[in-house]
Amino acid sequence: EEARKEKEVERGMRRAARGIDGEVDGTDFHTLRELEKLCGEIGSGACDYARLEAPVEGSEQCRVFLRSGRGSHLLGLSRELELAAAPTGPLRVLRAACLNEANRETLARNGTLKLAVGFIARARRSTEKATDREAVSAALFLLHTCSATANPRASIIEALASDVEPDGAIAGLFAMLDTDLANDAGAKLAAAHA
């Protein structure tokens with residue numbers, strides 16, 4: 001099924017490149033072309049991750065595009081977790097992409113979920129800054145979304161189990177949960193921590 005979706009998206013992209021109008025399972029060719037343009041800016045200062053997140057969250061075909069053929073941009077987004085100081089945008093786009101099970105599996109295999117756990121451990125020491133808090137929240141939401149599938153969940157568990165230092169991810173999760181419950185920061189973040 002996922003391979004079929006990838007072929008349909010690739011066929012739609014070829015038609016769109018020739019100027020043909022149409023859609024792939026309800027997603028207009030124009031949306032896919034716009035997504036392709038936005039993906040070309042991943043890793044640059046010009047990338048508008050909020051504009052990238054919206055179609056990925058709203059369209060299964062956009063989620064398929066991120067991992068298929070010319071649109072294999074999941075790795076580019078993953079690299080941003082290592083490079084950016086507070087990669088809120090890439091984390092949010094990855095979370096939207098992970099509404100697709102095959103994308104969750106891809107991120108588990110390529111080590112992105114371990115990077116997200118590692119980012120939480122690094123960033124939690126400086127969560128006084130709003131940008132760091134947002135990035136940690138986005139990382140937790142990504143892990144929460146990915147934990148719905150067995151292999152990604154196992155990858156997350158392994159990463160958390162290997163980071164049990166006093167200032168590591170596990171300690172950070174408990175500290176942030178205490179803070180959020182005390183401040184009533186919202187059910188979504190509390191669910192992500194849980």
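Just one residue in the list Asp28, Thr27, Asp25 forms a side chain to side chain donor-acceptor pair (under 3.5 Å) with Ser59, and that residue is Thr27.
In the model, Ser68 has no side-chain atom that pairs as donor or acceptor with a side-chain atom of Glu6 under 3.5 Å.
Using a 4.5 Å heavy-atom threshold, the side chains of Tyr49 and Leu38 count as separate. Side-chain contact check for Phe29 versus Asp21: every heavy-atom pair is 4.5 Å or farther apart. In this structure the side chain of Phe65 reaches within 4.5 angstrom of the side chain of Met13, judged on heavy atoms. Between Ser44 and Glu41, the closest side-chain pair of non-hydrogen atoms falls below 4.5 Å. Side-chain contact between Thr112 and Leu94 is present, with at least one heavy-atom pair separated by less than 4.5 Å. Val93 has its side chain out of reach of Ile42: every pair of non-hydrogen atoms, C-beta onward, lies at least 4.5 Å apart.
Residue pairs satisfying the salt bridge (charged side-chain N to carboxylate O under 4.0 Å, His left out) criterion with at least one member in residues 87-101, sequence neighbours excluded, are listed as follows: Glu53-Arg92, Glu57-Arg95.
Rounded to the nearest 0.5 Å, atoms CG (Leu142) and CG (Leu107) are 6.5 Å apart. Here the CD1-CG distance, from Ile120 to Leu140, works out to 4.0 Å after rounding to the nearest 0.5 Å. If you take CG on Asp163 and CD on Glu158, they are separated by 12.5 Å, rounding to the nearest 0.5 Å. Here Leu113 contributes atom CG and Ile157 contributes atom CD1; the two are 11.5 Å apart, rounded to the nearest 0.5 Å. Here CG of Leu91 is found 9.5 Å from CG of Leu77. Values are rounded to the nearest 0.5 Å. Here CD of Glu10 is found 6.5 Å from CZ of Arg14. Values are rounded to the nearest 0.5 Å.
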With side chain to side chain contact (heavy atoms under 4.5 Å, CB included) as the criterion, how do His73 and Arg67 come out once you've worked through the C-alpha distance, each side chain's angles and the decisive distance to 0.1 Å? CA-CA 6 Å; His73 298 289; Arg67 74 162 188 276; over 6 Å; no
Hey, mind stepping through Arg79 and Glu82 against salt bridge (charged side-chain N to carboxylate O under 4.0 Å, His left out) and telling me if it holds? CA-CA 5 Å; Arg79 278 192 295 273; Glu82 295 177 286; over 6 Å; no
Apply the test side chain to side chain contact (heavy atoms under 4.5 Å, CB included) to residues Asn100 and Glu2: give CA-CA distance (whole Å), side-chain angles for both, the deciding distance (0.1 Å), then the verdict. CA-CA 10 Å; Asn100 173 283; Glu2 291 298 320; 3.2 Å; yes
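Glu60 has a carboxylate O that lies under 4.0 Å from a charged side-chain N of Arg63, or vice versa, which qualifies the two as a salt bridge.
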Kindly list each side-chain donor-acceptor pair under 3.5 angstrom involving residues 145-156, sequence neighbours excluded, with atom names and distances?
| from | atom 1 | to | atom 2 | distance (Å) |
| --- | --- | --- | --- | --- |
| Thr145 | OG1 | Phe141 | O | 2.9 |
| Ser147 | OG | His144 | O | 2.7 |
| Thr149 | OG1 | Arg104 | NE | 2.6 |
| Thr149 | OG1 | Arg104 | NH2 | 2.9 |
| Asn151 | ND2 | Glu105 | OE1 | 3.2 |
| Arg153 | NH1 | Ser147 | O | 2.5 |

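Checked against side-chain contact (heavy atoms from CB on, under 4.5 Å), Glu1 has the following partners two or more places apart in sequence or in another chain: Arg4, Lys5.
Taken together through direct or relayed side-chain contacts under 4.5 Å among Ile, Leu, Val, Met, Phe, Trp and Tyr, Val9 and Leu99 form parts of separate hydrophobic clusters.
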